[in-house]
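What follows is a single structure, written as structure tokens, with notes after it.
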Amino acid sequence: MDTVAPPLLLLDVDGPLNPWMAEPTRRPDGYRTHRMRPTGWEDPYRKPLRVWLNPDHGAALLALPFSIVWATTWKGEANEWIGPHLGLPELPFIDWPAAPRTSLRLHWKTRTIVEYAAGRPFAWVDDELGAEDREYVEHHHSGPALLHRVNPRLGLLPDDFAELAAWAAGPARSDDTIGRPSTRPSGRSTAPPGSD
């Protein structure tokens, strides 16, 4: 019996899970504040990194028909600092090259994302996606792909989870969605790009 591997969900942390651009004095509803000292934040005289996480996101992510992979600068540290707060198991992660190849407009992650997916259907959830990334994926990735931009002021919302589930159930199973933009309302996709 042949089983088809589920599509990949390549998940950024800062922006989708940690709405880092929300007003600093107003934590978004449903989120909890965590103080963390990942790599680069070890100095005891420096304030710990503030990260907002919504504990409901873990179950919502695990309910999606995807194989989840961290696609974040947190790399494997997401399994230590982020995943446990969301109830996520240890997940694979993309180990970014030390000096990623990029152009002025192409996101520095895009080439590595396409290489990692190696033709397998994927949804990439990030807060810094643009037209150049979609064009690159369309020309260099042989399978279906959804590049889903999340507003870093809001983080993942119910509509995002619904769109990911619908894509995994339909277009991810065919060849006709390579690099197409998310269909979310334009008012949610106009925020400037984030830091991750």
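No hydrogens, no waters, no symmetry mates; every other heavy atom, side chains included, goes into these values.
- Annotation: side chain of Leu91 is not in contact with side chain of Val69 (no heavy-atom distance under 4.5 Å).
- Other residues, nucleotides and ligands contribute over 12 non-hydrogen atoms within 6.0 Å of the CD atom of Glu42.
- Cluster membership check: Leu53 shares its hydrophobic cluster with Phe93, using side-chain heavy-atom separations under 4.5 Å among Ile, Leu, Val, Met, Phe, Trp and Tyr.
- In this structure the side chain of Ile82 reaches within 4.5 angstrom of the side chain of Met36, judged on heavy atoms.
- Of all the heavy atoms in Ala71 and Trp96, the pair that sits closest is C-CZ2, 3.5 Å.
- Taking the side chain as every heavy atom from C-beta outward, Thr73 and Trp108 approach each other to under 4.5 Å.
- Checked by atom type and distance alone, the side chain of Arg153 never pairs as donor or acceptor with a backbone atom of Glu23 at under 3.5 Å.
- The number of heavy atoms from other shown groups lying within 6.0 Å of CD (Glu90) does not exceed 12.
- Here the straight-line distance linking atom CG of Asp29 with atom CG of Leu154 works out to 11.0 Å at 0.5 Å rounding.
- Listed for the Asp133 side chain is a donor-acceptor partner under 3.5 Å among the backbone atoms of His107.
- Aromatic ring centres of His57 and Tyr31 lie closer together than 6.0 Å.
- Of all heavy-atom pairs spanning Pro84 and Asn79, the tightest one is CD-O, 3.1 Å.
- Two residues are said to be in side-chain contact when any heavy atoms from C-beta on lie closer than 4.5 Å; Ile68 and Leu62 meet this criterion.
- The shortest side-chain heavy-atom distance between Leu11 and Thr72 does not fall under the 4.5 Å cut-off.
- Of all the heavy atoms in Arg37 and Pro44, the pair that sits closest is NH2-O, 3.9 Å.
- Under the 3.5 Å distance criterion, the side-chain polar atoms of Arg46 are matched with a main-chain donor or acceptor of Gly40.
- Expressed to the nearest 0.5 Å, how far CG of Leu61 lies from CZ of Phe66 amounts to 10.0 Å.
- Across all their heavy atoms, Glu132 and Arg105 have their closest contact at OE2-CD, 3.3 Å.
- Distance check: Trp74 CH2 to Glu80 CD gives 9.5 Å after rounding to the nearest 0.5 Å.
- Counted within 6.0 Å of CZ on Arg35, heavy atoms from surrounding residues, nucleotides or ligands total more than 12; the atom is thus considered enclosed.
- A donor-acceptor pair under 3.5 Å is absent between the side-chain atoms of Trp167 and the main chain of Phe122, judged by distance alone.
- Looking at Val13 and Trp81, their side chains never come closer than 4.5 Å, going by heavy atoms from C-beta outward.
- Shown here is Arg50, whose CZ atom has more than 12 heavy atoms of other residues, nucleotides or ligands within 6.0 Å.
- Hydrophobic clustering, with ILVMFWY side chains joined whenever heavy atoms are under 4.5 angstrom apart, keeps Leu86 apart from Trp52.
- Remark: Leu164 CG to Asp159 CG distance equals 11.0 Å, nearest 0.5 Å.
- Note: Ile94 CD1 to Glu115 CD = 10.0 Å, rounded to the nearest 0.5 Å.
- Between the side chains of Asp127 and Trp20, a donor-acceptor pair is found at a separation under 3.5 Å.
- If you take CG on Leu147 and CG on Asp126, they are separated by 9.0 Å, rounding to the nearest 0.5 Å.
- Side-chain contact check for Pro6 versus Pro65: every heavy-atom pair is 4.5 Å or farther apart.
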Exercise for the section: Check step by step if side chain to side chain contact (heavy atoms under 4.5 Å, CB included) holds for Leu129 and Thr110. Expected result: CA-CA 9 Å; Leu129 298 169; Thr110 306; 5.6 Å; no
Problem - Trace of the side chain to side chain contact (heavy atoms under 4.5 Å, CB included) decision for Trp124 with Leu146 - result: CA-CA 6 Å; Trp124 176 15; Leu146 173 69; over 6 Å; no
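- With sequence neighbours left out, His140 forms a side-chain contact (heavy atoms from CB on, under 4.5 Å) with Val114, Tyr136.
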Exercise for the section: Please lay out, stage by stage, how Glu163 and His148 fare under the test side chain to side chain contact (heavy atoms under 4.5 Å, CB included). Expected result: CA-CA 9 Å; Glu163 184 171 340; His148 187 82; 3.4 Å; yes
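- When atom types are taken as modelled, the side chain of Asp12 and the backbone of Val125 share no donor-acceptor pair closer than 3.5 angstrom.
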